[in-house]
Amino acid sequence: QVQLVESGGGTQPPGGSLLLSCVDSGGDDFSPYYMAWFRQTPGKEREGLAVLLARGAATYYADSALRRFTISRDNSKNTLYLGMNSLKPEDTGIYYCAAQTQPTPVSMWSTRAYDYWGQGTQVTVSS
């Protein structure tokens, strides 16, 4: 069973930066089709922020993440990253990485598109 483990969360002031990491335990046998970062805030549904098509390295961003966040993957380290700049208080939440190994007709922005999830890492943006 593949496990995803996020790290890198913490507290930053508005305007700060963070780099989140998500390591997968699948090794060479794990070949994700999509990988993504989602954010959960209290009282809201889990929101997709950025998606990476792992086999082609195309990237897609939600409006809330565009021009501030960068999704990338180091295949040699089995690690997915989310670089976050110009942080805002509304970026506060729990950040999850997710992966799917097969193409799916479900929107890549939907949580239902992903079979593998990490446990989440807390990001707090506050002065």
Side-chain angles (χ1 to χ4, degrees):
Q1 180 72 13
V2 173
Q3 290 187 324
L4 305 179
V5 179
E6 301 98 334
S7 62
T11 299
Q12 286 288 313
S17 299
L18 279 173
L19 178 65
L20 306 184
S21 300
C22 170
V23 180
D24 71 73
S25 64
D28 293 341
D29 293 333
F30 184 62
S31 180
Y33 191 82
Y34 298 120
M35 296 197 78
W37 287 96
F38 283 75
R39 176 173 67 205
Q40 180 99 58
T41 55
K44 294 186 178 180
E45 292 186 358
R46 198 169 292 187
E47 170 195 15
L49 298 172
V51 177
L52 172 72
L53 291 187
R55 298 174 190 176
T59 57
Y60 304 89
Y61 296 93
D63 288 345
S64 57
L66 195 60
R67 289 184 290 274
R68 296 190 302 126
F69 294 178
T70 302
I71 187 171
S72 61
R73 187 169 190 247
D74 186 334
N75 292 325
S76 68
K77 297 181 179 179
N78 292 342
T79 302
L80 181 74
Y81 299 99
L82 184 68
M84 303 190 295
N85 297 313
S86 303
L87 286 167
K88 305 175 182 180
E90 52 264 42
D91 293 322
T92 295
I94 302 174
Y95 284 66
Y96 297 90
C97 66
Q100 168 59 271
T101 56
Q102 299 293 333
T104 169
V106 179
S107 169
M108 61 184 178
W109 299 109
S110 170
T111 57
R112 295 184 294 110
Y114 299 89
D115 288 337
Y116 301 96
W117 290 88
Q119 83 291 347
T121 185
Q122 175 71 43
V123 171
T124 302
V125 183
S126 173
S127 54

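Residue numbers run from 1 in the order of the sequence given.
Here the straight-line distance linking atom CD of Gln100 with atom CE of Met35 works out to 11.0 Å at 0.5 Å rounding. Note: Tyr116 OH to Cys22 SG = 13.0 Å, rounded to the nearest 0.5 Å.
Contact check for Leu80 versus Asp24: no side-chain heavy atoms found under the 4.5 Å cut-off. Counting heavy atoms from C-beta outward, Leu20 and Glu6 have side chains that stay 4.5 Å or more apart. Considering only heavy atoms from C-beta on, Phe69 comes within 4.5 Å of Leu49 through its side chain. At a threshold of 4.5 Å between non-hydrogen side-chain atoms, the residues Thr92 and Arg39 do not count as touching.
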Show which side-chain atoms of residues 58-67 pair as donor or acceptor with protein atoms under 3.5 Å away, not counting sequence neighbours.
residue, atom, partner, partner atom, Å
Tyr61, OH, Ile71, N, 2.9
Ser64, OG, Glu47, OE2, 3.0

Atom pairs and distances, donor-acceptor, side-chain atoms in residues 102-110, under 3.5 Å, two or more places apart:
residue, atom, partner, partner atom, Å
Thr104, OG1, Val106, N, 3.1
Ser107, OG, Trp109, N, 3.1
Ser110, OG, Arg112, N, 3.1

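Leu52 and Leu82 fall within a single hydrophobic cluster, where Ile, Leu, Val, Met, Phe, Trp and Tyr are joined by side-chain heavy atoms under 4.5 Å apart, directly or via other members. There is a path of hydrophobic side-chain contacts, each under 4.5 Å, that joins Trp37 to Leu18.
In this structure, Arg46 has no salt bridge (Lys or Arg N to Asp or Glu O under 4.0 Å) partners at least two apart in sequence or on a different chain. Residues passing the ring-ring contact (aromatic ring centres under 6.0 Å, His included) test with Tyr81, sequence neighbours excluded: none. Checked against ring-ring contact (aromatic ring centres under 6.0 Å, His included), Phe38 has the following partners two or more places apart in sequence or in another chain: Tyr114, Trp117.
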- prompt: After noting the C-alpha distance and the side-chain angles of Val2 and Thr101, does the key distance pass the side-chain contact (heavy atoms from CB on, under 4.5 Å) rule?
  reply: CA-CA 11 Å; Val2 173; Thr101 56; over 6 Å; no

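Listed for the Thr79 side chain is a donor-acceptor partner under 3.5 Å among the backbone atoms of Lys77.
Applying the side-chain hydrogen bond (donor to acceptor under 3.5 Å, both in side chains) rule to pairs touching residues 11-23 yields Ser17-Asn85, sequence neighbours excluded.
Nearest heavy atoms, Cys97 versus Leu4: SG-CB, 3.7 Å.
The environment of CD in Glu90 is crowded: more than 12 heavy-atom neighbours from other residues, nucleotides or ligands sit within 6.0 Å.
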